[in-house]
Number of protein chains: 2
Amino acid sequence: MKILIVEDDKDLREIISASLEKERYVVSLAPDYRTGIQKIEDYDYDCILLDIMLPDGNGLDLLQELHDLGKKTSVIILSAKDSLEDKVQGLDLGADDYLPKPFHLAELHARIKSLLRRNQREGERKLQFGNIEVFPDHFKVMVEGKEVDLNRKEYDILYYFMSRPGRLVNKNTLAESVWGDHIDQVDNFDFIYAQIKNLRKRLKDAGATPELKSVYGFGYKFVVE
Amino acid sequence: MKILIVEDDKDLREIISASLEKERYVVSLAPDYRTGIQKIEDYDYDCILLDIMLPDGNGLDLLQELHDLGKKTSVIILSAKDSLEDKVQGLDLGADDYLPKPFHLAELHARIKSLLRRNQREGERKLQFGNIEVFPDHFKVMVEGKEVDLNRKEYDILYYFMSRPGRLVNKNTLAESVWGDHIDQVDNFDFIYAQIKNLRKRLKDAGATPELKSVYGFGYKFVVE
DNA sequence: CTTCAACTATTAAAATCTTCATGGTCTCAG
DNA sequence: CTGAGACCATGAAGATTTTAATAGTTGAAG
């Protein structure tokens with residue numbers, strides 16, 4: 001497990017570095033923005049600890065750069081400025097966690113561990129309900145071992161219900177979750193009806209056991225009889 | 001400004017309450033999940049301070065409930081368990097901030113203030129570049145005071161560039177930001193070319209001064225000559 | 001200055017998604 | 001039990017978005 005520490009405070013850098021090496025991580029160090037960028041371009045890290053305020057630039061730009069390079073490395077932001085703005089912006093730009101200084105090393109270790117564990121599992125996730133399996137990392141749906149072809153919206157809806165089997169789902173919530181923020185308070189749900197209809201047909205044709213039950217005046221519920 | 005505190009620890013509840021009242025907030029209290037839900041259903045709050053571990057339920061469920069009720073109230077999670085899982089899940093479920101216990105009252109106040117300020121401004125936001133104005137709260141675009149009609153994807157792309165005027169935008173980044181996570185590493189950008197072409201025509205027809213320049217081998221840049 | 005390959009633009013066709021019109025279903029009041 | 005009104009389902013038309021086919025550009029190598 002390789003970790004890059006981008007941090008200008010020499011003492012802090014060394015302390016973190018030493019503590020991580022003791023845990024058998026492979027650690028790289030960058031004292032400033034420029035060095036950080038360069039290392040990121042040249043190597044692949046499993047995790048980056050990123051200070052926001054660097055002598056020659058802003059850590060958030062580095063985050064953007066990372067994103068533009070298409071790298072999916074996990075990032076934990078370390079910042080003295082515990083401002084909500086920074087935090088929100090950081091998480092927005094794809095940081096995975098935010099740790100305000102000062103922090104305990106134990107805390108940092110815990111977060112790194114949790115993050116890496118989470119990444120590990122990526123690529124082998126699977127949702128299952130009745131005889132339906134959904135593999136979110138490949139946007140693939142299988143019923144009884146046979147692949148089922150769905151359109152994007154159908155997939156999104158199915159995925160949403162697979163994540164909440166048996167649970168009552170309000171139409172407004174569904175709309176917001178699947179269609180996004182453009183939907184505010186809509187006055188008609190025709191677009192939902194249409195997609196639900198298509199999805200039901202797909203599932204029935206594929207022989208799926210779970211069914212999308214309507215709940216009058218409220219929404220839907222995904223259940224297996 | 002009305003604030004609801006859902007927290008089972010009586011002492012903490014009273015301390016927070018007192019400190020907020022001193023700042024002239026109107027404060028409501030709920031010692032448990034059940035009471036919390038009920039108050040949320042009955043009243044509209046500007047902000048909710050939510051403990052995760054309650055005697056009769058999990059605060060995260062309350063968050064979900066809030067969402068299902070279609071309420072957009074800002075929520076700050078207060079939790080003793082400073083686990084990344086809880087935090088991520090909480091922010092996922094729409095919490096606006098997360099404050100691990102113990103915390104300073106000053107910190108809490110700062111976050112509340114920042115949150116309320118953010119909400120306040122909602123509804124009057126505007127992006128401007130060249131002679132184009134975008135009103136994100138109404139999905140409305142104006143050029144020289146005249147409204148321009150765009151399709152959703154066209155709007156999304158324009159919005160993206162309006163937020164980053166003059167900045168070089170990589171096609172992969174654009175794809176991921178506008179089309180979402182379904183796009184991973186695509187091998188052809190035909191869908192972008194098609195939409196860019198349409199958006200350019202719309203802007204030109206409307207007489208907009210900024211232009212979408214292609215940058216060979218990389219992406220686009222939104223500039224005014 | 002050519003030439004070539006990679007990249008971008010353009011148009012039309014295909015696929016997908018939303019809207020519309022219509023008819024069936026559910027709930028509640030009487 | 002019945003009727004009225006709200007709610008949901010359905011098929012088809014309409015709009016939007018993506019894909020495919022083709023043509024035009026750009027930048028690098030010779």
Side-chain angles (χ1 to χ4, degrees), chain A residues 68 70 139-141 148-161 168-205 211-223, chain B residues 68 70 139-141 148-161 168-205 211-223:
Chain A
D68 289 352
F139 301 108
K140 207 165 122 179
V141 176
V148 181
D149 237 39
L150 297 182
N151 292 335
R152 170 161 173 177
K153 279 282 180 283
E154 292 161 0
Y155 173 86
D156 286 347
I157 295 169
L158 177 62
Y159 177 82
Y160 189 77
F161 281 104
L168 188 53
V169 172
N170 166 328
K171 280 200 293 295
N172 276 302
T173 309
L174 179 66
E176 226 179 286
S177 308
V178 171
W179 277 263
D181 303 339
H182 288 261
I183 307 279
D184 220 25
Q185 277 306 77
V186 284
D187 48 346
N188 104 45
F189 290 111
D190 288 352
F191 58 100
I192 293 188
Y193 298 145
Q195 295 291 351
I196 290 281
K197 172 180 146 305
N198 295 340
L199 179 53
R200 278 174 173 158
K201 178 158 169 37
R202 299 265 197 200
L203 294 179
K204 195 172 158 205
D205 289 355
E211 268 183 288
L212 272 170
K213 292 273 188 210
S214 338
V215 177
Y216 191 88
F218 198 85
Y220 298 89
K221 207 167 152 181
F222 199 41
V223 293
Chain B
D68 289 352
F139 302 109
K140 206 165 123 180
V141 175
V148 181
D149 237 39
L150 297 182
N151 291 334
R152 169 161 175 178
K153 280 281 179 284
E154 292 161 2
Y155 173 87
D156 287 346
I157 295 170
L158 177 62
Y159 177 83
Y160 189 78
F161 280 104
L168 187 53
V169 172
N170 167 329
K171 280 201 295 292
N172 275 302
T173 308
L174 178 66
E176 228 180 286
S177 307
V178 171
W179 278 264
D181 303 339
H182 288 260
I183 307 279
D184 219 26
Q185 278 305 78
V186 285
D187 47 346
N188 103 44
F189 291 111
D190 289 352
F191 58 101
I192 293 188
Y193 299 143
Q195 295 290 352
I196 290 282
K197 172 182 149 297
N198 295 339
L199 178 55
R200 278 175 175 159
K201 178 159 169 33
R202 300 266 197 197
L203 294 179
K204 194 173 157 205
D205 289 356
E211 269 183 289
L212 273 169
K213 292 273 187 209
S214 339
V215 178
Y216 191 87
F218 198 83
Y220 298 89
K221 208 167 153 180
F222 198 42
V223 293

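In the text below, chain A, chain B and the rest are named by the order of the sequence lines, each starting its count at 1. As a basis for the values below, the full set of heavy atoms in this structure was taken, side chains included, without hydrogen atoms, waters or symmetry mates. Computed from a prediction, not measured in an experiment: that's the story for all the values here.
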Compare all side-chain heavy atoms of [X] with those of [Y] and state whether any distance is below 4.5 angstrom.
X	Y	result
A:L203	A:F222	yes
B:I192	B:Y220	yes
A:I157	A:F161	yes

Show the nearest heavy-atom pair for residues B:N170 and B:N172, with the distance to one decimal.
OD1-N, 2.6 Å
Nearest heavy-atom contact between A:L199 and A:L158 is CD2-N, 3.9 Å
D:dT18 phosphate, OP1 or OP2: any side-chain N/O from B:W179 under 4.0 angstrom?
yes
Among residues at least two apart in sequence or on other chains, which ones pass side chain to side chain contact (heavy atoms under 4.5 Å, CB included) with [X]?
X	answer
B:Y216	none
A:K140	A:F135, A:H138, A:M142, A:E147
A:K153	A:V178, A:W179, A:Q195

Taking heavy atoms of chain A and a 4.0 Å limit, find me the 5'-most and 3'-most nucleotide of DNA chain C within that range.
C:dT16 to C:dT27
Calculate the interatomic distance between [X] atom [atom1] and [N] atom [atom2]; express it in whole Å.
X	N	atom1	atom2	answer
B:N198	D:dT17	CG	P	9 Å
B:E154	D:dA15	CD	P	15 Å
B:R202	D:dA15	CZ	C1'	11 Å

Do the ring planes of B:Y159 and B:Y155 sit parallel (below 30°), tilted (30 to 60°) or perpendicular (above 60°)?
parallel
Who passes salt bridge (Lys or Arg N to Asp or Glu O under 4.0 Å) against A:K197, sequence neighbours left out?
none
With B:K201 via salt bridge (Lys or Arg N to Asp or Glu O under 4.0 Å) - residues at least two apart:
B:D205
Any side-chain to backbone donor/acceptor pair from B:T173 onto B:V169? Under 3.5 Å, distance only.
no
Using rotation axes that map the C1' atoms of four end pairs onto the next four (five pairs an end), what angle separates the end axes of the helix from C:dC1-D:dG30 to C:dG30-D:dC1, to 10°?
30°
Just the table, please: protein N/O against nucleotides 5-10 of chain D N/O, every pair under 3.5 Å.
| from | atom 1 | to | atom 2 | distance (Å) |
| --- | --- | --- | --- | --- |
| D:dA6 | N3 | A:Y216 | OH | 3.0 |
| D:dC7 | O4' | A:Y216 | OH | 3.3 |
| D:dC7 | O3' | A:G217 | N | 3.4 |
| D:dC8 | OP1 | A:K171 | NZ | 3.3 |
| D:dC8 | OP1 | A:G217 | N | 2.8 |
| D:dC8 | OP2 | A:K171 | NZ | 2.7 |
| D:dC8 | OP2 | A:Y193 | OH | 3.0 |
| D:dA9 | OP1 | A:R200 | NH1 | 2.7 |
| D:dA9 | OP1 | A:R200 | NH2 | 3.0 |
| D:dA9 | OP1 | A:S214 | OG | 2.5 |
| D:dA9 | OP2 | A:Y220 | OH | 2.7 |

Under 3.5 Å between N/O atoms: give me all the protein pairs with nucleotides 28-30 of chain D, atom names plus distance.
none

Which of these passes side-chain hydrogen bond (donor to acceptor under 3.5 Å, both in side chains) with B:S214: B:R200, B:K221, B:K171?
B:R200
